[in-house]
Amino acid sequence: MTATTDVRTAAAEALASLGVELPAVPDGGASFEVRSPLSGDVIATLPQAGAAEVDAVVARAKAAFTTWRTVPAPARGAVVKAWGDLLREHKEDLASFVTLEAGKITAEALGEIQEMIDVCDFAVGLSRQLYGQTMPSERPGHRLMETWHPLGVVGVISAFNFPAAVWAWNTAIALVCGDTVVWKPSEMAPLTALASAALLDRALAEAGAPEGVSAVVLGAREAGEALVANRDVALLSATGSERMGAEVGPVVAARFGRSLLELGGNNAAIVAPSADLDLAVRGIVFSAVGTAGQRCTSLRRLIVHSSIVDDVVARLSRAYAKLPIGDPREEGTLVGPLINQTSRERMLASLEQARAEGGEIVVGGEAVDVDGAAGAAYVSPALVRMPAQSDVVHRETFAPILYVMSYDDLDEAIAMHNAVPQGLSSSIFTLDQREAERFMAADGSDCGIVNVNIGTSGAEIGGAFGGEKTTGGGRESGSDAWRAYMRRATNTINYSTELPLAQGVDFG
Ligand code: NAD
């Protein structure tokens, strides 16, 4: 494996390229360290926001909202267009932060920034399409219609593995809807957040937008908890683990706020006997090992027909044995590091449990040494054959482990597929249209994302993104997900000289 070049220098260069200055830690103030997963080295020490500071930022966002909501939606769209142009201009600079902090290979980091650009384009079009419906009134001389209004302050809490795109999905849509945004990024990727937010700040300032339309608060869960508890946060959009969602959801509900939860996944693909296996194997490997298995949509369970399971496992083992693992900045690397040592320990513990439950590790599942990166956590992706019944497969381990199980008929495969608590993404590889349709039908996959002949990861921004069950039920990004960021008013207008009552009520 190759040596990791100095991540501290790389971080300093990336900050300078965007003209971003890091906030200083005040004397005696709370702080936290940022480590790069590439080497395990500390690349920054940043101030940690306390509850009072978070509340002050939310108060500024609330004040900015009173102006921002009156700006016409297409004019708000023009600001998002300018932001998108800045993202295009600085795509490589921003991607380098994603690599340094989340450990993504360059192609995937560039893909993450492209996703931000795409959602800006989508939001610009949306700014002229925030349609309300009209309905026929049951009363003569009356008109019935819906109007959509901005909601208020949107709080965004994001996870380390999509350190910029998740915020952009929320923010581009929230801004055209007329909301203001306070972002608490992952404590593992705050430089990406500061760099991304600096570009939006530039677009907002050039448009003369009020101060406070977009703000970042830094810190770990305490900063997040303050945002969650604040009654002025009208919508709390939180992306992260099921554990986090279970803590956040009840707090927001208790204050009658709205929440949009995007939580863990435990995604599966079914491989049917008719599948095009060359295509399936490519799709499976990308979904299972891309981002080192650290995508919410990563493929974790493979349910293969018993007539082809040995062939599929043999093909996958050959592909796994050749995977280039190492510094994600190097050309040719396909598997970068896990986020930290804890993550590697969790992966190894899950493999231990899999063995104890009758699993057989076919290939991978080992710690990998990379020169100059002693503090990092590189691993070889694991392919594990599992019996039909086991506990470990029901849990999301945020690392590259693919459990392979077999089935004999499609009903059994769908039952196995749906038997986990999470409900994010799913796939079937088949050339049989009946099977494909069955998988997409009401008694098929129970997930928010249901694919045919592609893997579970790599969604486009045009669709609504999110999942069911313990994945949280939220939807963000494309389609009509914008409705979560607005409030609806139903208007009844009487243009007659009479006052008939609904349901024919006669009130004398
Ligand atoms: P995490 O839950 O540890 O942290 C996510 C964010 O929540 C961080 O910003 C953290 O500071 C904050 N946080 C944690 N506890 C909190 C609390 N009690 N109150 C308020 N904020 C709190 O998750 P992670 O390790 O950063 O990310 C990995 C997880 O995120 C995986 O489970 C993955 O599946 C999930 N994820 C889901 C999606 C999706 O769209 N469904 C997308 C990306 C990641």
Side-chain angles (χ1 to χ4, degrees), residues 32 34 37 46 48-49 51 54 98 101-104 112 115 155-170 182-190 192-193 216-230 233 236-252 257 259-267 290-300 338-340 342-343 346-347 377 395-400 420-425 447-449 456-459 461 463-477 481:
F32 66 104
V34 189
L46 294 171
Q48 158 131 324
V54 172
V98 174
E101 289 191 315
K104 290 190 188 186
E112 172 151 6
E115 215 168 332
V156 177
I157 293 177
S158 56
F160 80 83
N161 66 323
F162 273 91
V166 162
W167 165 71
W169 294 353
N170 282 281
V182 177
W183 180 20
K184 206 298 281 173
S186 166
E187 59 275 31
M188 292 181 258
T192 309
V216 178
V217 288
L218 297 178
R221 65 184 283 167
E222 297 74 19
E225 282 167 353
L227 198 57
V228 170
N230 192 307
V233 174
L236 194 279
S237 173
T239 300
S241 56
E242 292 155 89
R243 191 258 323 140
M244 181 273 280
E247 287 166 9
V248 162
V251 177
V252 180
S259 57
L260 194 170
L261 298 177
E262 298 279 358
L263 311 174
N266 189 355
N267 317 296
T291 323
Q294 298 169 111
R295 287 194 185 204
C296 51
T297 50
S298 289
L299 179 60
R300 311 206 177 277
L338 292 180
I339 189 69
N340 53 31
T342 311
S343 198
R346 284 196 190 126
M347 174 176 175
R395 185 179 80 220
E396 177 196 51
T397 300
F398 213 54
V420 297
Q422 309 82 358
L424 182 51
S425 186
C447 289
I449 297 167
T456 51
S457 65
I461 62 95
F465 181 89
E468 304 301 330
K469 304 195 293 184
T470 61
T471 301
R475 289 296 184 279
E476 56 192 18
S477 204

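The analysis underlying the following values was restricted to heavy atoms, covering all of them including side chains, and did not include hydrogens, waters or symmetry mates. All ligand and atom numbering here is 1-based and tracks the order in the structure.
- Between the E242 side chain and the L263 main chain, no donor and acceptor come within less than 3.5 Å of each other.
- A donor-acceptor pair under 3.5 Å is formed between the side chain of T471 and the backbone N or O of G423.
- Nearest protein neighbour of atom 40 (O) of ligand 1, counting heavy atoms only, is F465 CE2, 3.1 Å.
- Listed for the K469 side chain is a donor-acceptor partner under 3.5 Å among the backbone atoms of V420.
- Note: F398 and F160 have perpendicular aromatic rings, judged against thresholds of 30 and 60 degrees for the angle between ring planes.
- Atoms of ligand 1 found under 4.0 Å from any heavy atom of K184, numbered from 1 in the order shown, are 8 (C), 9 (O), 10 (C), 11 (O).
- Among all non-hydrogen protein atoms, the one lying nearest atom 34 (O) of ligand 1 is E396 OE2, 2.6 Å.
- Within ligand 1, counting atoms from 1 as listed, the ones closer than 4.0 Å to a heavy atom of S186 are 9 (O).
- Summary of contacts: the protein heavy atom closest to atom 41 (N) of ligand 1 is L263 O, 2.7 Å.
- With a 4.0 Å cut-off on non-hydrogen atoms, V248 touches ligand 1 through its side chain and not its backbone.
- Within ligand 1, counting atoms from 1 as listed, the ones closer than 4.0 Å to a heavy atom of P185 are 9 (O).
- Scanning the protein for heavy atoms near atom 2 (O) of ligand 1, the closest one is S241 OG, 2.6 Å.
- The closest non-hydrogen atom to atom 6 (C) of ligand 1, taken over G466, G264, S158, comes from S158.
- By the criterion of a heavy-atom distance under 4.0 Å, the side chain of E187, and not its backbone, is placed next to ligand 1.
- What sits closest to atom 26 (O) of ligand 1 on the protein, heavy atoms only, is F160 N, 3.1 Å.
- Closest of all the heavy-atom pairs between R475 and A464 is CD-CB, 4.0 Å.
- If you check which protein heavy atom lies closest to atom 18 (N) of ligand 1, you get E247 OE1, 2.6 Å.
- Of the possible polar contacts, one joining the S477 side chain to the I461 backbone as a donor-acceptor pair under 3.5 Å is found.
- For Q294 against I339, the heavy-atom pair with the smallest separation is OE1-N, 3.0 Å.
- What sits closest to atom 13 (N) of ligand 1 on the protein, heavy atoms only, is M244 CG, 3.6 Å.
- When hydrogens are left out, the protein atom nearest atom 27 (O) of ligand 1 is A159 CB, 3.3 Å; that is the closest non-hydrogen contact.
- Of all the atoms in ligand 1, the ones that sit under 4.0 Å from a non-hydrogen atom of A220 are 11 (O).
- Residue contacts with ligand 1 for N161 involve side-chain atoms from C-beta outward but no N, CA, C or O (heavy atoms, distance under 4.0 Å).
- Here A223 has no heavy atoms under 4.0 Å from ligand 1, in either its backbone or its side chain.
- Formation of a donor-acceptor pair under 3.5 Å by the K104 side chain with backbone atoms of N161 is found in this model.
- Judged by distance alone, the side chain of T470 and the main-chain N or O of P421 form a donor-acceptor pair under 3.5 Å.
- One N or O on the side chain of K184 and one on the backbone of G219 form a donor-acceptor pair closer than 3.5 Å.
- The nearest non-hydrogen atom to atom 15 (N) of ligand 1, considering only R243, Q422, E225, R295, comes from R243.
- Listed by atom number, the atoms of ligand 1 under 4.0 Å from I157 heavy atoms are 6 (C), 7 (O), 9 (O), 12 (C), 20 (C), 21 (N).
- Annotation for ligand 1: atoms under 4.0 Å from non-hydrogen atoms of E262 are 37 (C), 38 (C), 39 (C), 40 (O), 41 (N).
- Shortest non-hydrogen contact noted between S237 and N170 is OG-OD1, 2.8 Å.
- In terms of modelled atom types and a separation under 3.5 Å, the side chain of E396 and the main chain of G265 share a donor-acceptor contact.
- Side-chain atoms of R300 come within 3.5 Å of backbone atoms of G293 as a donor-acceptor pair (strictly under, hydrogens ignored).
- With A102, G467, S477, C296 as candidates, the residue nearest to atom 38 (C) of ligand 1 on a non-hydrogen basis is C296.
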